Amino acid sequence: MQDIINRIKELAVLYPDDVALHPPAGELRIEFIESKLQTKLPAELIELYNFSNGFAFLNYVVVGLMNKRLLNILSINPMTLKPNGLHKEVIIFMITELGESFAYTIDANSDTFQVIKMEESDSIFKVVAPGIRSFLKSF
């Protein structure tokens, strides 16, 4: 994950008007979210949110954990959803200017997390990556 974080830092320096970073999520916020979800967050996501609790670049916004500033701007509740046909809950992870939503799956009985693309009012989904790191690396 450090390679992704380093790339985000580089982009923030190169394009300061196009990349917005936020303070880290911190251990207490992460523990609170994990207790609410009754599961551990993926290590790669924790590492990312401990770097910046959400960030925006170009037409993409990674919403962070309870980042009120981003949540108010986007008017969303990123906490758990259960899309039709998916037997796992998800948390909204990223939103694009085009209205696309990406989420990661949560399964308290597994350490496996996937990134999915939500489509058509969150009733259709498609797995797009086996994890956050591989998803962000594809950009």
Side-chain angles (χ1 to χ4, degrees):
M1 219 32 218
Q2 193 57 50
D3 57 332
I4 301 290
I5 291 170
N6 287 341
R7 184 65 180 139
I8 294 168
K9 288 178 183 177
E10 289 172 16
L11 291 172
V13 170
L14 291 171
Y15 307 102
D17 294 334
D18 297 321
V19 179
L21 301 176
H22 296 272
E27 191 175 321
L28 289 176
R29 185 174 299 201
I30 290 168
E31 287 174 1
F32 174 77
I33 294 295
E34 288 178 334
S35 70
K36 292 284 267 183
L37 299 175
Q38 298 179 339
T39 191
K40 289 281 187 193
L41 294 175
E44 60 188 6
L45 189 64
I46 291 172
E47 189 176 350
L48 182 65
Y49 287 155
N50 275 329
F51 158 66
S52 180
N53 186 21
F55 55 91
F57 58 102
L58 299 174
N59 300 325
Y60 305 92
V61 176
V62 174
V63 296
L65 295 175
M66 294 174 21
N67 183 328
K68 291 180 182 175
R69 182 174 179 198
L70 288 175
L71 296 178
N72 288 339
I73 291 169
L74 298 169
S75 298
I76 63 162
N77 178 2
M79 292 307 285
T80 59
L81 306 168
K82 194 162 187 179
N84 294 336
L86 185 65
H87 301 292
K88 298 178 183 179
E89 291 183 316
V90 300
I91 292 183
I92 299 296
F93 168 68
M94 182 165 66
I95 296 178
T96 73
E97 187 177 73
L98 298 175
E100 300 168 306
S101 297
F102 295 88
Y104 58 91
T105 60
I106 299 168
D107 185 350
N109 301 317
S110 171
D111 290 337
T112 304
F113 299 88
Q114 296 175 312
V115 176
I116 63 172
K117 181 179 179 186
M118 313 288 287
E119 297 179 5
E120 296 181 23
S121 303
D122 302 334
S123 62
I124 298 174
F125 61 90
K126 177 173 114 178
V127 175
V128 294
I132 305 285
R133 183 180 185 283
S134 60
F135 175 73
L136 290 175
K137 198 168 183 131
S138 68
F139 279 88

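These figures come from a predicted structure and were not determined experimentally.
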| field | By side chain to side chain donor-acceptor pair (under 3.5 Å) - contacts of Glu27 (at least two apart) | value |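 Checked Glu27 against side chain to side chain donor-acceptor pair (under 3.5 Å); zero matches.
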| field | side chain to side chain donor-acceptor pair (under 3.5 Å) partners of Thr96, counting only residues at least two apart | value |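 Once residues adjacent in sequence are excluded, the partners of Thr96 under the side chain to side chain donor-acceptor pair (under 3.5 Å) criterion are Glu100.
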| message | Using 0.5 Å steps for rounding, measure from the CD1 atom of Ile46 to the OH atom of Tyr49. | response | 11.0 Å
| Looking at Ser134 and Gly131, what are the two nearest heavy atoms and their distance? | OG-O, 3.1 Å
| task | Answer yes or no: is there a side-chain heavy-atom contact under 4.5 Å between Val127 and Val115? | result | no
| request: With the side chain counted from C-beta on, respond yes when Leu28 and Phe32 share a heavy-atom pair under 4.5 Å apart, and no when they do not. | output: no
Solution key, residues 5-15 side-chain donor-acceptor pairs under 3.5 Å, sequence neighbours excluded:
unit_1: Asn6; atom_1: OD1; unit_2: Gln2; atom_2: NE2; d: 3.1
unit_1: Asn6; atom_1: ND2; unit_2: Gln2; atom_2: O; d: 3.3
unit_1: Arg7; atom_1: NH1; unit_2: Glu10; atom_2: OE1; d: 3.0

| Going by the salt bridge (Lys or Arg N to Asp or Glu O under 4.0 Å) test, which pairs reach into residues 47-60, not counting sequence neighbours? | none
| request: For Ser52 and Pro24, indicate whether the former's side chain and the latter's backbone hold a donor-acceptor pair under 3.5 Å. | output: no
| Expected output: side-chain Glu44 to main-chain Ile132 donor-acceptor under 3.5 Å |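 Indeed, once roles are kept as given, a pair shorter than 3.5 Å links the two residues.
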| message | The criterion is ring-ring contact (aromatic ring centres under 6.0 Å, His included); which residues satisfy it with Phe102, sequence neighbours excluded? | response |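 ring-ring contact (aromatic ring centres under 6.0 Å, His included) list for Phe102, sorted by chain: Phe135.
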| message | If the condition is salt bridge (Lys or Arg N to Asp or Glu O under 4.0 Å), which residues does Asp3 pass it with, not counting sequence neighbours? | response | Arg133, Lys137
| task | Please step through ring pair (Phe, Tyr, Trp, His ring centres under 6.0 Å) for the pair Phe55 and Phe57, ending with a clear verdict. | result | CA-CA 7 Å; Phe55 55 91; Phe57 58 102; 5.6 Å; yes
| How far apart are the C-alpha atoms of Leu45 and Met1, what are their side-chain angles, what is the distance that settles it, and do they pass the side-chain contact (heavy atoms from CB on, under 4.5 Å) test? | CA-CA 9 Å; Leu45 189 64; Met1 219 32 218; over 6 Å; no
